Amino acid sequence: LDSLIARLKNFRSGLKKTIEDRKAEIIDLEKQITSVQPNYDKVKRLYDAHVEERDRLQQEVDHMTSVLEANVGAARDTLANATRAHGRVKSNFASSMKDSYRGVTSDGRPIAGRETNLLKRPVKAANTRVPPP
């Protein structure tokens with residue numbers, strides 16, 4: 001029983017020493033915190049200001065990027081429409097050149113000003129011989 005009591009006293013004194021050491025560490029840390037606190041507050045304010053500015057700039061960049069993407073999309077659509085229109089103009093020009101060569105449109109109507117086909121020789125009637133003078 002005496003050895004048990006001695007071990008408990010030893011254990012209790014060890015805990016008291018540990019508690020005193022921890023309290024001393026806590027006091028030391030509190031001193032360090034109070035010495036750093038003014039600088040921390042200043043740095044924290046700067047940090048918060050920088051984070052706010054970064055977020056604002058990021059929003060601007062996101063907005064400008066979306067505007068740029070919208071403009072690129074509009075330009076892409078315009079270019080596609082222009083390319084299609086140019087193809088139609090080219091094909092219309094080619095078919096009109098073909099029509100002018102043939103003298104008729106693709107559906108067989110004579111083109112304006114070419115009601116008589118100039119590529120064909122005019123047909124004379126059988127009795128159109130003019131007597132010599």
Side-chain angles (χ1 to χ4, degrees):
L1 188 64
D2 288 336
S3 67
L4 179 62
I5 292 173
R7 277 188 289 157
L8 286 175
K9 283 182 179 178
N10 190 15
F11 179 71
R12 186 169 179 234
S13 67
L15 286 180
K16 276 187 174 180
K17 173 117 175 73
T18 305
I19 289 172
E20 290 172 2
D21 291 345
R22 296 296 185 258
K23 283 185 179 179
E25 287 179 27
I26 288 171
I27 291 171
D28 186 41
L29 288 174
E30 285 178 352
K31 286 180 186 175
Q32 290 178 10
I33 288 172
T34 55
S35 69
V36 170
Q37 190 68 37
N39 290 335
Y40 172 77
D41 291 340
K42 181 180 176 184
V43 169
K44 178 71 171 152
R45 281 193 305 273
L46 285 173
Y47 172 78
D48 291 341
H50 283 96
V51 166
E52 186 177 313
E53 181 69 11
R54 181 201 64 198
D55 292 342
R56 186 185 65 78
L57 292 174
Q58 186 62 45
Q59 287 177 347
E60 282 184 24
V61 166
D62 292 343
H63 174 69
M64 289 178 192
T65 303
S66 66
V67 167
L68 186 61
E69 288 172 352
N71 287 344
V72 167
R76 184 182 312 114
D77 295 341
T78 304
L79 179 63
N81 291 340
T83 304
R84 266 188 258 121
H86 180 66
R88 268 184 258 139
V89 167
K90 272 177 57 177
S91 67
N92 287 346
F93 178 73
S95 73
S96 69
M97 289 301 292
K98 201 179 219 183
D99 291 346
S100 68
Y101 177 73
R102 286 194 324 245
V104 291
T105 60
S106 58
D107 58 357
R109 290 179 292 124
I111 60 174
R114 296 278 303 270
E115 283 76 17
T116 5
N117 192 342
L118 300 177
L119 296 176
K120 293 183 179 177
R121 301 178 86 188
V123 178
K124 294 183 181 180
N127 295 331
T128 57
R129 185 166 177 269
V130 178

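Just so it is clear, the structure is predicted and the values come from calculations on it, not from any experiment.
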Exercise. Output the distance between atom CD (Glu69) and atom CE (Met64), rounded to the nearest 0.5 Å.
Key: 14.0 Å

Quiz item: Can a salt bridge be assigned to the pair Arg56 and Glu53 using a cut-off of 4.0 Å between side-chain N and carboxylate O?
Solution: yes

Quiz item: If you round to the nearest 0.5 Å, how far is NZ of Lys9 from NZ of Lys16?
Solution: 11.0 Å

Quiz prompt | Distance in Å, His63 NE2 paired with Leu68 CG, rounded so as to fall on 0.5 Å steps | solution = 11.5 Å

Self-check item: Set of side-chain hydrogen bond (donor to acceptor under 3.5 Å, both in side chains) partners for Asp62, sequence neighbours left out
Solution: Gln58

Which donor-acceptor pairs under 3.5 Å do side chains of residues 23-44 form with protein atoms, sequence neighbours excluded?
residue	atom	partner	partner atom	Å
Asp28	OD2	Gln32	NE2	3.4
Thr34	OG1	Glu30	O	3.2
Thr34	OG1	Lys31	O	2.8
Ser35	OG	Lys31	O	3.4
Ser35	OG	Gln32	O	2.8
Gln37	NE2	Asp41	OD1	2.9
Lys44	NZ	Asp48	OD1	3.4

Self-check item: Interatomic distance, Arg22 atom CZ to Lys17 atom NZ [nearest 0.5 angstrom]
Solution: 10.5 Å

Quiz item: Looking at CG of Asn81 and CG of Asp77, how far apart are the two atoms once the value is rounded to the nearest 0.5 Å?
Solution: 6.5 Å

